[in-house]
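Take a look at the structure set out below.
A note on names: the letters A, B, ... follow the listed sequences, proteins ahead of strands, and every chain is numbered from 1. Because only heavy atoms are used, hydrogens play no part in the values below, and waters and symmetry mates are left out as well, while side chains stay in.
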There are 2 protein chains.
Amino acid sequence: MTSRDAILAAAQRCLNADARASMTDLATAAGVGRATLHRHFSTRDELLHELGTRSLDRWQQSMRGAGVAEAIASGQAGPIEACLRDLLSRYLADFDDFGFTLTDPYLRSAPDLMERTEQLSEEETALLAAGQRAGLLRADLDPRWLSSAVYGILVAARDAVTFGRIARRDLDEYVLVTFLEGTRAR
Amino acid sequence: MTSRDAILAAAQRCLNADARASMTDLATAAGVGRATLHRHFSTRDELLHELGTRSLDRWQQSMRGAGVAEAIASGQAGPIEACLRDLLSRYLADFDDFGFTLTDPYLRSAPDLMERTEQLSEEETALLAAGQRAGLLRADLDPRWLSSAVYGILVAARDAVTFGRIARRDLDEYVLVTFLEGTRAR
DNA sequence: CTCACATGAGACAGTCTTGTCTCAATCCCT
DNA sequence: AGGGATTGAGACAAGACTGTCTCATGTGAG
């Protein structure tokens, strides 16, 4: 891990905990002098922008790695479900890098990040819509709502882990089951 | 609505959009001079604290209004489900006042708010646990996870409305169905 | 009309933040 | 060991934020 990466990771952690963290806070958290921090990112906005870019990269990689495009093309419930499981698992694997704090507040100011977000969001929605057509997911809900629900369940996972409500190893199972099957007893 | 309430409402809106908003921003958003803002809340922390208190008040009112305690006492699936529906609907009714941005970042600094949060959270978890015992909710998930899932689905709702993905009038239905039944076709 | 009161504008000092710069210490490669 | 690059500490100026204060304006009740 390069020093730059370490700084970004620390900054993400810090900013997720407190969006008001100063550059000094960020440098300290990274175990680095403030001057060094500024050597890597001349401006706070530049740091934020890179953070956003990385998050979007991760998101994109997750979708590519889970084979979203192929699953959509297949149009089959089986592959789509497998893809969805894989995708959620990947999301969960780095949901602190993924930056929930980040998703909302900073992105708005950067049109390029906004556009990419929208694009990725659409691709995810396309997967969910394909799941509906294939009979995997209920079709009486707007697929864009399903996309929001995915986001929500990830926030729930983050919340649960942060407050020590569930063990990290149970996460995948809990998230998948809750998203697909809901919470009603059967 | 008193001027104080108007200021609080504007501040909440503002801070949810950007936690770094300055007192000047907050005053402007409330359509009020900065001096007046300081007349009501001598300190930023004082404003934040009051905001937190109000959110917790709302939460508490929702649970009381939905009859959480009675539902738990009944131990019956029917009343518990009705209570849960009512509760979610109440949460949704004021999820901007409810302060999602607020729940995480500011609360930590105020022990009294933290404690109240924990207490309310426990009461909500108790309802969900009662739902499990009554055979309404699946019992193979930790009730504390269910509580996180409730939080997550509310974040999803907020996200969906913010980005115009679904109409507000569909919210209750979407949230309830998704939480209870999940997203799998049947 | 008048007076008490609340408000907005803005001055003000103190503090914090940001971005730049310098310098000495340290590290690493040869 | 020598020499170039990187680092941390810290000085520095510019600007922003906070909290306090004053004063002129405006509003409403009596």
Contacting residues from residues 22-30 of chain A, given that a heavy atom lies under 4.0 angstrom of DNA chain D: none

Nearest whole angstrom, please: distance from the P of D/dT18 to the CG of B/Leu47. 11 Å

Rounded to the nearest angstrom, tell me the gap between atom CZ in A/Arg20 and atom C1' in D/dA16. 11 Å

Euclidean distance, atom CD of residue B/Glu46 to atom C1' of D/dG19 [Å, nearest integer]: 12 Å

Between C1' of C/dT7 and NE2 of B/His38, the distance in whole Å: 15 Å

Tell me, with the steps shown, if B/Arg165 and A/Ser121 meet side-chain hydrogen bond (donor to acceptor under 3.5 Å, both in side chains). CA-CA 12 Å; B/Arg165 291 184 186 163; A/Ser121 179; 3.2 Å; yes

For the backbone of A/His38 and the side chain of A/Ser42, can you confirm whether one donor and one acceptor N or O come within less than 3.5 Å of each other? no

For a side chain to side chain contact (heavy atoms under 4.5 Å, CB included) with A/Leu176, tell me which candidate from A/Leu84, A/Ile153, A/Leu88 qualifies. A/Leu88

Are side-chain N/O atoms of B/Tyr151 and B/Glu124 paired as donor and acceptor at under 3.5 Å? no

Can you establish whether the number of heavy atoms outside A/Arg169 located under 6.0 Å from its atom CZ is more than 12? no

Between atom CZ in B/Arg44 and atom P in D/dT20, what is the gap in whole Å? 15 Å

Would you say B/Glu46 has more than 12 foreign heavy atoms packed within less than 6.0 Å of its CD? yes

Could you state the CG-C1' distance from A/Asp45 to C/dG19, rounded to the nearest angstrom? 13 Å

Give a yes or no answer on whether the side chain of B/Asp25 reaches the backbone of B/Ser22 with a donor-acceptor pair at less than 3.5 Å. yes

Is the number of heavy atoms from other residues, nucleotides or ligands within 6.0 Å of CZ (B/Arg64) greater than 12? no

Under 3.5 Å, N/O pairs linking protein and nucleotides 7-11 of chain D:
| unit_1 | atom_1 | unit_2 | atom_2 | d |
| --- | --- | --- | --- | --- |
| D/dG8 | OP2 | A/Gly33 | N | 3.1 |
| D/dG8 | OP2 | A/Thr36 | OG1 | 2.2 |
| D/dG8 | O6 | A/Arg39 | NH2 | 3.1 |

